[in-house]
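Written below as structure tokens is the structure these notes are about.
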Amino acid sequence: MFALTLPAQDSGSFNPPGIEEMHLPAILPWGAADGFSKQMLLVILSVVIIAAFFVAAARKGQLVPGKLQFAGESAYGFVRNGIAKDIIGGNDFIKYVPLLFSLFFFILVNNIYGAVPVLQLPSFSHVGGAYVLAALVYFTWIVIGVKKNGLKYFKLAVVPSGVPWYILPIVIPIEIISNFVVRPVTHSLRLFATMLAGHLIVMIAGSGIDFLLAQENWLLKGTSVLVLAGAVAMYMLEALIMVLQAYVFTLLTAIYIEGALHADSH
């Protein structure tokens with residue numbers, strides 16, 4: 001139902017998969033511009049998976065935790081202490097833990113879909129989801145900065161302290177573009193591009209194996225083993241990148257929040 005369909009290969013020419021093979025047809029013809037897609041279904045499923053796991057892990061809180069409780073507490077502690085506390089610090093970090101926790105595991109589960117043989121589709125290989133998350137983070141740190149510093153925040157965000165006045169006409173436009181244009185775009189495209197590129201490479205390798213096996217030349221058939229070895233290596237690398245991108249996206253969110261909170265000291 002969910003697996004991506006690779007182009008049929010024959011012994012004549014190689015037909016590599018393209019972007020269209022990654023964007024699956026709609027399940028229902030309503031609910032969005034292109035209908036209710038399998039990617040939308042997987043996004044909803046990710047929320048159910050995350051909620052079910054952490055509710056089950058926290059349901060029987062014990063002084064000596066069992067395996068499930070230990071896994072849940074370790075996962076929460078990783079985001080709380082390894083990202084929120086280390087980056088935001090002070091007494092401010094705790095209120096942002098729910099946001100960072102939700103972002104990390106939402107992105108992680110939706111990325112890991114791409115490593116599951118039956119599903120084979122990272123949700124954020126479609127740019128729309130990455131744009132939505134980046135926009136959420138963008139407006140969050142702006143609101144935090146304004147709430148903490150008032151409208152003066154916009155001045156603090158684009159006028160670096162200690163810069164000579166005669167350089168400001170050059171620096172200010174750069175800071176405006178960097179902080180309010182480039183930052184949200186790169187925040188979203190970094191997640192989208194890595195998920196799209198990694199999965200597309202694995203698809204091309206799979207299609208290449210199919211093509212080589214269809215050849216009459218046994219030497220070419222034999223080279224499919226080399227392609228398979230490379231595909232497995234790329235599959236493992238993609239799985240690692242899926243985890244890293246969830247971490248990087250959440251880490252950058254914490255950095256942006258910290259910058260908004262302490263804009264007057266930067």
Side-chain angles (χ1 to χ4, degrees), residues 1-27 34 37-46 49-50 53 71 75 103-131 133 186-252:
M1 176 180 178
F2 293 100
L4 297 178
T5 303
L6 296 176
Q9 302 293 338
D10 54 40
S11 58
S13 60
F14 177 59
N15 301 311
I19 302 298
E20 60 277 2
E21 277 80 29
M22 297 191 68
H23 295 164
L24 304 178
I27 300 173
D34 298 319
S37 68
K38 292 184 177 72
Q39 283 173 313
M40 295 179 186
L41 179 59
L42 289 175
V43 167
I44 295 172
L45 180 61
S46 71
I49 292 172
I50 295 167
F53 173 77
L103 280 174
F104 178 78
F105 286 101
F106 180 72
I107 295 172
L108 178 63
V109 172
N110 279 282
N111 285 354
I112 289 297
Y113 284 149
V116 179
V118 177
L119 304 180
Q120 295 180 310
L121 180 67
S123 301
F124 293 112
S125 62
H126 195 292
V127 72
Y131 280 158
L133 286 188
T186 56
H187 203 195
S188 60
L189 292 184
R190 184 183 295 106
L191 175 61
F192 157 70
T194 51
M195 290 301 97
L196 177 68
H199 204 59
L200 189 57
I201 289 172
V202 173
M203 288 176 62
I204 292 173
S207 187
I209 293 171
D210 187 30
F211 171 74
L212 291 172
L213 290 175
Q215 302 303 302
E216 296 181 0
N217 187 313
W218 283 97
L219 181 61
L220 290 177
K221 287 180 183 289
T223 58
S224 65
V225 177
L226 299 177
V227 178
L228 176 61
V232 171
M234 287 303 304
Y235 177 84
M236 300 303 294
L237 178 61
E238 185 191 11
L240 175 62
I241 291 174
M242 290 171 184
V243 179
L244 288 177
Q245 281 305 313
Y247 176 75
V248 168
F249 191 97
T250 310
L251 182 69
L252 288 174

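- For the atom pair Tyr113 OH and Ile49 CD1, the distance stands at 4.0 Å (nearest 0.5 Å).
- Partners of Phe104 by ring pair (Phe, Tyr, Trp, His ring centres under 6.0 Å), not counting sequence neighbours, listed by chain and number: Phe78.
- The structure places CG of Leu41 at 10.5 Å from CG of Leu121, a figure rounded to the nearest 0.5 Å.
- Nearest heavy atoms, Gln39 versus Pro122: NE2-O, 4.1 Å.
- Partners of Leu189 under the side chain to side chain contact (heavy atoms under 4.5 Å, CB included) rule, at least two apart in sequence or in another chain, are Val127, Tyr131, Val185, Phe192.
- A search for side chain to side chain contact (heavy atoms under 4.5 Å, CB included) contacts involving Phe106 returns Val43, Ser46, Val47, Ile50, Asn110, Phe124, Leu133, not counting sequence neighbours.
- Taking Val225 as the reference, nothing meets the side chain to side chain contact (heavy atoms under 4.5 Å, CB included) condition, with sequence neighbours excluded.
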For a quick test of your reading: what N or O donor-acceptor pairs under 3.5 Å do the side chains of residues 230-247 make, sequence neighbours left out?
from   : atom 1 : to     : atom 2 : distance (Å)
Tyr235 : OH     : Ala115 : O      : 2.1
Glu238 : OE2    : His199 : N      : 3.2
Glu238 : OE2    : His199 : ND1    : 3.2

